[in-house]
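Each chain gets a letter, A, B and so on, in the order its sequence line appears, and its residues count up from 1.
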2 protein chains.
Amino acid sequence: MTTGERRRTDARPRAFEEVLARIEERIAADGLTVGDRLPGERQLAEQLGVGRSSVREALRVLETLGVVASQAGRGPDAGAVLTSRPGDALTDLLRLHLGLATLSMREVIDTRLMIEQWAAARAAAAPARTATARMAEAIAAMDAARDPAEFVEHDIAFHLALAEAAGNRLIVAVVRALRDALRRYAVDAVVRLGDTGGLQDDHRRIHRAIEDGDAGAAAAAVAEHLARAYPESGPDS
Amino acid sequence: MTTGERRRTDARPRAFEEVLARIEERIAADGLTVGDRLPGERQLAEQLGVGRSSVREALRVLETLGVVASQAGRGPDAGAVLTSRPGDALTDLLRLHLGLATLSMREVIDTRLMIEQWAAARAAAAPARTATARMAEAIAAMDAARDPAEFVEHDIAFHLALAEAAGNRLIVAVVRALRDALRRYAVDAVVRLGDTGGLQDDHRRIHRAIEDGDAGAAAAAVAEHLARAYPESGPDS
DNA sequence: AGACCAAATATGGTCAGACCATACATCCTG
DNA sequence: CAGGATGTATGGTCTGACCATATTTGGTCT
């Protein structure tokens with residue numbers, strides 16, 4: 001009776017949070033991995049002693065974080081399957097927080113510069129043939145691009161290959177998210193520049209530095225490139 | 001009464017995704033920001049022509065991404081309020097993907113090194129008094145710490161202050177998430193080291209370099225520090 | 001008037017049950 | 001044996017009810 005003074009930040013375990021914890025335990029305990037299936041929603045609800053809607057909310061959280069994907073129907077591919085899409089989650093995260101002005105464009109662009117410099121230096125230290133080959137392909141595709149949107153798509157592929165060349169999946173996910181968040185801005189930037197020759201020169205310089213194993217030159221080329229692409233680091237706002 | 005006409009023409013956007021899109025539009029259109037309230041769940045459901053459960057799933061997604069927080073009851077603080085907690089979302093993301101072996105400890109540690117080096121250099125370029133003061137406080141607290149867990153807590157505060165000194169909220173969120181993900185590992189590392197004198201020397205060196213405005217020395221000190229804390233950067237797996 | 005307590009109310013949290021939509025599985029034809 | 005009709009397991013959604021919580025309101029006693 002005297003327990004009336006409950007405020008937020010007290011401990012209040014909601015049912016779906018309990019479900020979340022139990023599913024996470026189960027993943028760890030059973031050593032589940034990408035491709036494995038979770039029990040059906042109804043079965044899970046019965047096992048955990050909660051309603052199906054609570055199970056669904058928990059699954060929605062896991063889907064948002066990119067660890068499960070649900071598929072209706074019947075068969076091996078149906079149900080809630082463990083996946084690995086951290087990039088999608090990061091993309092949503094950035095987009096929403098940019099929309100709320102919680103993060104400014106300047107912060108996102110600065111972060112991107114940091115990451116890509118590091119990735120370039122790292123890639124130069126241990127160049128991976130497949131990744132550098134994809135970088136070259138992207139450069140060629142940009143040469144052939146007919147409009148800014150197409151150019152930007154291949155530009156994204158270039159920077160993604162750069163991140164992959166660094167051999168760190170977390171970095172790849174972050175770069176993908178940053179580029180998705182900046183996609184519209186990037187198209188505008190290309191339109192504003194008009195001539196993409198300078199950008200392409202940068203791309204070629206980055207690519208060459210990585211193939212030559214010159215980490216310092218690679219990082220410097222990336223810095224120069226992003227400074228050209230985002231001259232003032234955005235209008236903040 | 002919306003059950004009369006269902007268009008099954010295209011690939012189906014799920015109802016809660018539609019709700020998500022509409023809420024996002026509304027945030028942008030009305031210029032909503034942190035602290036503003038969304039309509040109640042029942043009201044939203046009626047406005048958007050969907051069931052309350054679909055609204056709830058959408059809100060769960062937004063909560064997962066750290067943009068809303070729900071509070072029951074009545075009054076100005078009740079309901080779904082826009083917030084800004086990107087760090088929590090990142091923490092969940094890392095923890096789950098580490099559990100799924102989608103990301104390795106090595107990748108997380110490498111990422112952390114990159115970010116903190118950058119943050120230290122950045123902080124040295126424009127030292128903020130409040131942040132450097134908090135770094136000094138954290139160092140003193142670590143001197144007084146009586147057990148590894150307590151030491152690690154203040155160590156987290158130190159590295160968080162370092163990130164904040166760089167003046168980039170996205171970086172702060174990422175550092176927080178990385179440290180949370182590595183918290184257990186960090187305690188083990190402190191126990192293994194036994195003597196924290198070397199770590200504290202590092203902290204003091206980082207702090208001094210930032211106050212002196214020596215970006216190069218700050219970055220180098222951070223690199224040395226993390227190399228000491230994570231000697232082998234984990235077995236990759 | 002003021003203080004205090006009880007009821008009303010608004011809000012999220014949860015559950016149960018019922019459908020629908022989907023896609024594979026199974027069976028029954030011909 | 002091929003191919004369509006039916007069965008069934010799964011997610012997706014809606015409805016309505018009830019609970020828990022916290023503020024607001026209003027009435028009562030001092």
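Checked for salt-bridge contact, R14(B) and E57(B) miss the test: no charged N lies under 4.0 Å from a carboxylate O. Using a cutoff of 4.0 Å between basic side-chain nitrogens and carboxylate oxygens, R60(B) and E63(B) are scored as salt-bridged.
The phosphate of dC15(C) has OP1 or OP2 within less than 4.0 Å of a side-chain N or O from S54(A).
The 5' end of DNA chain C is approached more closely, in terms of each residue's nearest nucleotide, by V55(A) than by the other of Q71(A) and V55(A). The residue among P76(A) and E17(A) whose nearest nucleotide of DNA chain C is located toward the 5' end is E17(A). In this structure, R74(A) and P39(A) both approach DNA chain D, and ranking their closest nucleotides by distance from the 5' end singles out R74(A).
Atom CG of L44(A) is separated from atom OG of S54(A) by 11.0 Å, given to the nearest 0.5 angstrom.
Q47(A) and R26(A) share a donor-acceptor pair across their side chains, judged by distance under 3.5 Å alone.
If you measure from atom CG of D77(B) to atom C1' of dA22(D), you get 11 Å, rounded to the nearest angstrom. A straight line from CD of E41(A) to P of dC19(C) spans 19 Å, rounded to a whole angstrom. At whole-Å resolution of the value, CG in L44(A) and C1' in dA16(C) are 17 Å apart. In this structure, R37(B) atom CZ and dT23(D) atom P are separated by 12 Å, rounded to whole Å. Rounded to whole Å, the distance from CZ on R56(B) to P on dT14(C) is 6 Å. The CZ atom of R14(B) sits 13 Å away from the P atom of dC14(D) (whole-angstrom rounding). Protein atom CD of E57(B) is 15 Å distant from nucleotide atom C1' of dG12(C), rounded to whole Å.
A donor-acceptor contact under 3.5 angstrom links the side-chain atoms of R52(A) to the base of dG12(D).
Annotation for R22(A): atom CZ does not count as buried by contact number, only 12 or fewer foreign heavy atoms lying within 6.0 Å.
In this structure, the nucleotide among dT11(C), dT24(D), dG12(D) sitting nearest to the side chain of A72(B) is dT11(C). If you check dG11(D), dT13(D), dG12(C) against the side chain of R42(B), the one that comes closest is dG12(C). Listed candidates were dG12(D), dG12(C), dT22(C). Nearest to the side chain of R12(B) is dT22(C).
Looking at heavy-atom distances under 4.0 Å, S53(A) makes contact with a base. Residue G75(B) is classed as a sugar-phosphate contact, given heavy-atom separations below 4.0 Å to backbone atoms only. Using a 4.0 Å heavy-atom criterion, one finds that A45(B) contacts no nucleic acid atom at all.
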